[in-house]
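To start, the structure itself, in structure tokens.
Naming convention: chains lettered A, B, ... in sequence-line order (proteins, then strands); numbering from 1 in each chain.
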Protein chains: 2
Amino acid sequence: MRISQLAERGGVPVATVKYYLREGLLPPGRATSATQAEYGDAHVERLALVRALLGPGGLTIARARTVLAVVDDDSLTVLDALATASAELPGPEADVEPDLAPALAHLERWGWLVDPATPALRHLAAALAALEAAGFEVTDAHADAYAEAARRMASVDVETVPDDSRGDAVRVAVVGTILLEPVIIALRRLAQQDASVRRFAASDAGEQATSRPQG
Amino acid sequence: MRISQLAERGGVPVATVKYYLREGLLPPGRATSATQAEYGDAHVERLALVRALLGPGGLTIARARTVLAVVDDDSLTVLDALATASAELPGPEADVEPDLAPALAHLERWGWLVDPATPALRHLAAALAALEAAGFEVTDAHADAYAEAARRMASVDVETVPDDSRGDAVRVAVVGTILLEPVIIALRRLAQQDASVRRFAASDAGEQATSRPQG
DNA sequence: AATATTGGAGAGCAGTACTATCCAGTTGTC
DNA sequence: GACAACTGGATAGTACTGCTCTCCAATATT
């Protein structure tokens, strides 16, 4: 398979495939001459993965490269792979260090064992700070309900990771961690709709509940 | 309060405040002359909200403007406001229409009442398609667990919305919908860490569990 | 032999969120 | 009442990102 066919099967322009090759997101094909290379089905799958990470996953080129390096590195343990993948996911990236105390207080209440250096902890702290700055008070009860929901999701996630092949485990863990996030966000919005229809439909104009809310 | 003081209290450069004014994210101050205007505490709070939406919320200027217009519009019902805010949140924005069937099948199984035109439905469908393209199979059991988690979170969210003041209700609903998303993502990653430490720490090198996983 | 395609590299482009410069009017200070 | 400092307002420029275009000689294809 040549580059134009790979591009066609992936549904992207040839120039974009070349760009991904240049950026190291796709491994080079098997060179058959100075200006020719052969690509296989593995490249097609990899291209689909790249598109998924960059699109729905919301990763930048640089972060995708790191995540893919983790997926490719057979020497990493599942734990290392998950940690690296988790660290490369988009987050607030604030230039000022957020106050970790509120986040740590929650974690202690829940008894969660986490690496104090993990970026997710900083992300949580920054997100809580942003809520406070916006005048939204997060009660312990609210946080606890969220923690329980997160625990359930994570539990299923971890159960889903196969334990027979380390390569597969890493791939599933990394891809699942990243690509299930938009699923969660979408599900929450849909659940909110359902819940708010049930709560507010009676007090608002009732017929808006099942038709388009805004014309 | 003049513009430089507003900027200082918000922790942003004056040029940025001017930019937000130009873009309609901040309402203009009360003009006291041709080249002078007075800003109040409301502007400080608004500036914090804008920063929260643009930073942790991940909204673009254009989407933030729409969301803020919803918050400001007292004529909207809570349902309309939530729907509009939900629609403006960042999503896949695919140029090709994803297959809605798998997503609709899940929703029907759960008995959720949602507007078929809502962007979140499309986001869910796109996310599921991306997972499939990346070779990650989402089982019904996995999806069901996620749905239950989403339902719990949404339930708390909706309960949190006050029912005495419509303006407050809209503000809390919109801000909560947007700014709690990074909280959920961070919590899930932390919960994953906790769960995978418990599962994999025994089979991997054990001492990595509570120290930094990657030097 | 003529035409098309390839890998590779560099430059260019569109969008986003600022940031810097300029300007005349206004203010506070001496 | 001189004069520097600041203001709102407008315009242009910047840094970064993810492509996309153009060019090239070498190779395939017809």
Side-chain angles (χ1 to χ4, degrees), chain A residues 1-40 43 47 49-68 88-95, chain B residues 1-40 43 47 49-68 88-95:
Chain A
M1 190 190 314
R2 285 162 300 182
I3 197 173
S4 58
Q5 204 179 342
L6 172 59
E8 194 182 353
R9 286 186 55 183
V12 298
V14 172
T16 302
V17 174
K18 288 185 174 184
Y19 173 61
Y20 292 161
L21 285 167
R22 235 179 302 156
E23 293 294 330
L25 303 182
L26 289 175
R30 185 175 52 84
T32 59
S33 79
T35 65
Q36 221 79 13
E38 182 71 15
Y39 302 92
H43 285 89
L47 180 53
L49 175 56
V50 168
R51 295 296 292 180
L53 293 179
L54 294 181
L59 269 58
T60 64
I61 300 284
R63 287 172 193 278
R65 183 166 39 227
T66 310
V67 169
L68 290 169
E88 288 303 321
L89 297 180
E93 289 298 325
D95 36 356
Chain B
M1 191 189 314
R2 284 161 302 183
I3 198 173
S4 58
Q5 204 179 342
L6 171 59
E8 194 182 354
R9 287 185 55 183
V12 298
V14 172
T16 303
V17 173
K18 287 185 176 184
Y19 175 59
Y20 292 162
L21 286 165
R22 235 178 304 151
E23 292 295 330
L25 303 182
L26 290 173
R30 186 176 51 83
T32 60
S33 80
T35 65
Q36 222 78 14
E38 182 72 14
Y39 302 92
H43 285 89
L47 180 53
L49 175 58
V50 168
R51 294 297 292 180
L53 293 179
L54 294 181
L59 269 57
T60 63
I61 300 284
R63 287 173 192 276
R65 183 167 38 227
T66 310
V67 168
L68 289 169
E88 287 304 320
L89 297 181
E93 290 297 326
D95 35 356

In the structure I gave you, are the side-chain heavy atoms of [X] and [Y] within less than 4.5 Å of one another anywhere?
X	Y	result
A:L68	A:L49	yes
A:V14	A:R2	no
B:Y19	B:I61	yes
A:L25	A:L54	yes

Atom-pair distance ([atom1] on [X]; [atom2] on [N]), nearest Å:
X	N	atom1	atom2	result
B:Q5	D:dA5	CD	C1'	16 Å
A:E38	C:dT5	CD	C1'	14 Å
A:L21	D:dT20	CG	P	15 Å
A:Y39	C:dT5	OH	P	16 Å
B:I3	D:dA10	CD1	P	12 Å

Can you name the nearest heavy-atom pair linking [X] to [Y], along with the distance?
X	Y	value
B:R51	B:P56	O-CD, 3.8 Å
B:L47	B:L6	CD2-O, 3.8 Å
B:P27	B:L21	O-CD2, 3.5 Å

* With the sugar-phosphate defined as primed atoms, P, OP1 and OP2, and the base as all remaining atoms, what B/S/- string results for nucleotides 24-30 of chain C, 5' to 3', for protein heavy atoms under 4.0 Å? -> -BSS---
Please list, for nucleotides 15-18 of chain D, all pairs of protein and nucleotide N/O atoms separated by less than 3.5 Å.
from, atom 1, to, atom 2, distance (Å)
D:dG18, OP1, A:I61, N, 3.3
D:dG18, OP2, A:I61, N, 3.3

* Asked: So what does A:R65 hit on the nucleic acid, given a heavy-atom distance under 4.0 Å: a base, only sugar-phosphate, or nothing?
  -> nothing
* Report which part of the nucleic acid A:A15 touches: base, sugar-phosphate, or nothing (heavy-atom distance under 4.0 Å, all strands). => base
* By nearest nucleotide on DNA chain C, pick out whichever of A:S4 and B:P13 is the more 5' one. => A:S4
Protein-nucleic acid N or O pairs under 3.5 Å, nucleotides 9-14 of chain C:
from, atom 1, to, atom 2, distance (Å)
C:dG10, O6, A:R22, NH1, 3.4
C:dG10, O6, A:R22, NH2, 3.2

Between [atom1] of [X] and [atom2] of [Y], what distance do you get to the nearest 0.5 Å?
X	Y	atom1	atom2	value
A:H43	A:R9	NE2	CZ	12.0 Å
B:E8	B:M1	CD	CE	10.5 Å
B:R22	B:T16	CZ	OG1	9.5 Å

* Asked: Are the side chain of A:R65 and the backbone of A:E23 linked by a donor-acceptor contact shorter than 3.5 Å?
  -> yes
